[in-house]
Amino acid sequence: MRVPAKINLSLGVGPVGDDGFHPLATVYQAVDLQDEVKATLRTDGRFTVSVHVEADGTGEVADIPTDDDNLVVRAARLLQTRLGDPNAGADFVIRKVIPVAGGMAGGSADAAGALVACNAIWGGGLSREALEGLAAQVGSDVPFLLHGGIAVGSGRGEVISPVLARGSYHWVVAIADVGLSTPEVYAEFDRLGGGTEEPEVPAPLLAALRAGDPVGLGAALSNDLTEAALSLRPGLRATLDIGTEAGALGALISGSGPTVLFLAADEQHGMDIAVSLAAARVCADVVQARGPVPGARLL
Ligand code: C5P
């Protein structure tokens, strides 16, 4: 399976609900920073997970749980229960490219991959719609990572509706060395005053996507979690400023951060921005990504 990362072109966040979740109005785009999730059939109803950063299986990733807390196992268990087959199990091997705890939904992407992979190796025969229902129980971003492309997310982010969009977009992705916890960023958002009204998707952003206009899109990027992420990680301000000074069409924190995204006009422009960021030593790594790309799919 190949599974994409997501970015939120806009992330509108409303006041926290009784369930502890925040109502969202977001526009997702799937980008080609992609993890690989391999599932091998077991017939004893058990699951194992190993996570690597290199294609040759070296480079163990330290801060990802490989037990039942792993989102991949949670997703697989939900499907196992839904199919009513207690003997269905799998060994998962994940090759990580998506930054861990980076605000790009890497764990959710792997879970989306696990749902599609297990449905295939177990002969589950569930439709995409049925898998999206299970996906929403795993995490708010998981249905979008099955879907891919560009879509509006509402509810907690799990209700997906398609968006009319044109064009392909170049991103420069500044990856931090230490991740941020999504619940902590939402808690900081509440502490700083929280959302006051029903979130909305900005009309100029949808217009720019319809027109395939990267300049319009760059100007319309927005993220209501920006202040909260900056409050927890003040150093991200410098990263944003350097990419902006280097001529990015737009800059924003990715989801709950701490990854920072810059929209570039093309690959060469992206390279220029990446060089400025690398020279300023404000982040651990800089990569380029393109979107939109499809959701979780079999290789
Ligand atoms: O849905 P997911 O498990 O990815 O959410 C992780 C955490 O992020 C939640 O436990 C919650 O603290 C926060 N969250 C939120 N509102 C959302 C989505 C996530 O407060 N719409």
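Ligands are counted one by one from 1 in listed order, and the atoms in each one are counted from 1 as well. One is the number of the first residue; the rest follow in order along the sequence.
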Working for side-chain contact (heavy atoms from CB on, under 4.5 Å), residues Leu232 and Val185: CA-CA 8 Å; Leu232 297 173; Val185 176; 3.9 Å; yes
Ser256 side chain to Thr182 side chain, donor-acceptor N/O pair below 3.5 angstrom: yes
Ligand 1 contacted by Leu24 (non-hydrogen, < 4.0 Å): yes
Per-atom contacts, ligand 1 versus Thr182 - under 4.0 Å to a heavy atom: 8 (O)
Identity and distance of the protein heavy atom lying nearest atom 21 (N) of ligand 1: His22 O, 2.8 Å
Atom indices of ligand 1, in the order listed, that fall short of 4.0 Å to a heavy atom of Arg156: 17 (C), 18 (C), 21 (N)
Any Gly157 heavy atom less than 4.0 Å to ligand 1: no
Short side-chain to backbone donor-acceptor contact, Asn8 and Leu11, under 3.5 Å: no
Shortest reach to atom 7 (C) of ligand 1 by a heavy atom, considering only Pro23, Pro183, Pro199: Pro183
Thr26 side-chain N/O to Ser10 backbone N/O, donor-acceptor pair under 3.5 Å: yes
Check: Asp91/Thr48 side-chain N/O donor and acceptor closer than 3.5 Å: yes
Option whose closest heavy atom lies nearest to atom 3 (O) of ligand 1, chosen from Gly155, Ser256, Gly139, Gly153: Gly139
Residue of the set Leu79, Leu145, Leu78 for which side chain to side chain contact (heavy atoms under 4.5 Å, CB included) holds with Val138: Leu78
Taking atom 1 (O) of ligand 1 as the reference point, the nearest protein heavy atom with its distance: Ser140 OG, 2.5 Å
Donor-acceptor contact present, side-chain Asp110 to main-chain Val72, <3.5 Å: no
Residue Gly20 vicinity, atoms of ligand 1 by number, heavy atom under 4.0 Å: 20 (O)
Side chain proximity check, Thr40 to Val93, heavy atoms < 4.5 angstrom: no
Location of contacts on Phe21 toward ligand 1, heavy atoms closer than 4.0 Å: both
Minimum-distance protein heavy atom relative to atom 13 (C) of ligand 1: Tyr186 CD1, 3.4 Å
